[in-house]
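Just so it is clear, the values below take in all heavy atoms, side chains as well, and ignore hydrogens, waters and symmetry mates. So you know, we letter chains A, B, ... as the sequences are listed, proteins then strands, and number each from 1.
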Amino acid sequence: MASVFSCFYCVFASNWIAIAEVTLRYLLIMAVVGLLLVIVNITYSFDELNYELRGFVEYYRETSWWWLTSFFASLIALTIGSEPGLSVDLAVLSAFIAPAIFYFHRNYPFSLKCDYRSRDADGKTLISEEKENIASKTDGLYILEFPITTGKNIDKFKINLEVPDGVKVRNLPTISGVGLSDEKDAIIGEAPPGGDTFVVELIIEETTGVQRGSNLLVLSDDDSERNLKSIRLMP
Amino acid sequence: MSISRLGRAKGLEKYWSEHLDDRPETAVHIESIEDDEIYPFSEVEDYPFTGQIELRGEFSFEVPDRNGGSFDKDGRYQYRTESGLFLLQAPTDLVDPEEVFDEINLRLSSTVEIEEALSLPRESLWRFISIADSIETLRLRGENGIYDATLLIQLLREDDPIEALDTKPEFQELNSVEDIKKVVTSAEASSDIEGIQDLDIDLYNTLIDEFQATYWFNGMTAEITYLHGELKIDAEDPDVREYVIQLFERDVMASG
């Protein structure tokens with residue numbers, strides 16, 4: 001038994017610096033992950049985290065932060081060259097990761113998503129209208145379908161509506177717990193228990209009619225002020 | 001038969017008076033106001049608005065004639081203070097109820113408005129539809145398209161629904177729905193289909209576009225029509241009208 005201990009001692013004592021470095025790195029990584037989890041309060045399933053990160057990547061890639069940080073990280077890496085060392089790698093990585101973490105923290109949660117579905121009078125999907133986010137009216141009404149995903153980490157939500165002149169929001173036949181605000185300028189409610197996706201239907205009535213150039217209906221998240229969807233109402 | 005259009009308002013009783021006529025430029029005039037307590041029918045169990053007051057009366061609406069002048073036509077209104085339901089019986093087909101609602105809203109304080117189209121929770125509306133004595137039309141808009149659920153129920157009663165879908169001309173309409181066979185297969189698996197309550201509809205992701213349903217009371221009928229938030233009730237008799245309104249208040253308005 002004594003020889004086993006002495007053998008362990010020989011192996012570990014001679015490499016204690018390397019072991020300490022690995023341990024420190026591990027603890028550092030765990031601390032960063034723990035800090036991130038605390039910041040975003042993620043205590044849910046892997047699916048939920050996956051949901052959130054996918055939403056984040058989707059939005060982040062649309063921002064100028066994405067290409068700016070990619071550009072600067074590449075520039076730094078090229079300037080420094082292939083200088084070895086953990087601190088150099090971290091410096092290069094942080095040029096890209098730090099702004100991303102900051103953006104994530106500022107704009108969290110990303111799992112509140114709002115899609116747009118366009119149909120003709122017979123219920124057939126209008127793929128071109130969906131892709132271009134445009135809506136045509138039928139008998140003076142724009143009937144818009146918004147499949148909304150809240151994610152399980154969102155209890156209450158508020159989606160602000162910016163309605164162009166010439167139309168008014170008429171109503172919102174919806175599920176229990178979700179509705180229009182009294183001023184009809186937001187969709188508010190609680191995510192349904194046991195289900196995180198649902199469709200809301202916004203019926204918009206033409207009054208004087210929209211004009212080209214000022215016909216955008218904008219849905220944005222009240223918390224993060226992120227633009228969730230912009231639909232162009234065709235005159 | 002008398003057709004009433006349904007709207008909704010909150011706290012209208014504070015503002016509703018003959019003084020609404022102070023602005024002569026509007027085309028609607030409140031001719032009379034009576035108030036009375038509403039008594040629930042014993043057939044409507046758990047009615048949530050017991051003791052509510054109704055304001056009812058007549059209004060007149062100026063209808064333009066061909067010579068550039070106008071003539072008045074009388075209609076009736078009813079406002080139910082607790083549920084907030086506002087019923088408008090338009091004086092003639094020449095008058096669009098929406099015009100009357102708009103004219104009344106012009107006269108009201110900016111803090112109150114009668115909504116001429118109702119935001120109704122789908123689950124509540126579904127409950128109300130499912131207690132109808134007959135459903136003539138029920139158009140649903142799901143992920144796969146718009147289809148008539150009454151037709152779907154007829155199809156599911158066939159021995160071989162998939163074959164009937166392909167061969168019987170009465171189900172042609174359903175055939176135009178994307179992935180209808182998937183819908184039929186999943187509905188078929190649920191249980192014995194007797195009515196819409198047996199359809200396993202995902203109301204989170206299915207919209208109710210339109211329905212027409214009939215309710216019976218003491219041998220009389222009332223027909224409810226819904227299209228994109230607009231609701232109409234067409235009743236043979238005031239009692240059956242009141243009965244259906246109370247059902248609607250209990251099943252839909254109380255949770256809306």
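With a threshold of 4.5 angstrom between heavy atoms, B:Glu115 approaches chain A through side-chain atoms but not through N, CA, C or O. At a 4.5 Å heavy-atom cutoff, the contact between B:Leu207 and chain A is made by side-chain atoms alone. Looking at A:Ile148, neither its backbone nor its side chain comes within 4.5 Å of chain B, counting heavy atoms on both sides. Contacts of A:Arg119 with chain B are made by side-chain atoms alone, with heavy-atom separations under 4.5 Å and no backbone atom involved. Within the 4.5 angstrom heavy-atom criterion, atoms from both the backbone and the side chain of A:Ile175 approach chain B.
Rounded to the nearest 0.5 Å, atoms CG (A:Leu180) and CZ (A:Arg170) are 13.0 Å apart.
With B:Leu12 as the partner, the side-chain contact (heavy atoms from CB on, under 4.5 Å) test is satisfied by one option alone out of B:Leu55, B:Ile114, B:Ile104: B:Ile114. B:Trp16 pairs with exactly one of B:Phe59, B:Phe86, B:Tyr79 by the ring-ring contact (aromatic ring centres under 6.0 Å, His included) rule, that one being B:Phe86.
Between A:Lys137 and A:Glu205 there is no salt bridge, since no side-chain N of the basic residue sits under 4.0 Å from a carboxylate O of the acidic one. A salt bridge links B:Lys10 to A:Asp182: one of the charged nitrogens lies within less than 4.0 Å of a carboxylate oxygen. Salt bridge annotation for B:Arg141-A:Glu201: present, with a cationic side-chain nitrogen under 4.0 angstrom from a carboxylate oxygen. Salt bridge absent: B:Arg8 and B:Glu116 never bring a charged side-chain N and a carboxylate O closer than 4.0 Å.
Side-chain contact between B:Gln89 and B:Tyr77 is absent, with no heavy atoms from C-beta onward closer than 4.5 Å.
With sequence neighbours excluded, no residue forms a ring-ring contact (aromatic ring centres under 6.0 Å, His included) with B:Tyr147.
Ranked by non-hydrogen atom pairs under 4.5 Å with chain B, the options A:Thr125, A:Leu141, A:Val178 are led by A:Thr125. Put simply, of B:Asp209, B:Leu118, B:Ile208, the one with the most heavy-atom pairs under 4.5 Å next to chain A is B:Leu118.
Within residues 207-220 of chain A, no residue has any heavy atom under 4.5 Å from a heavy atom of chain B.
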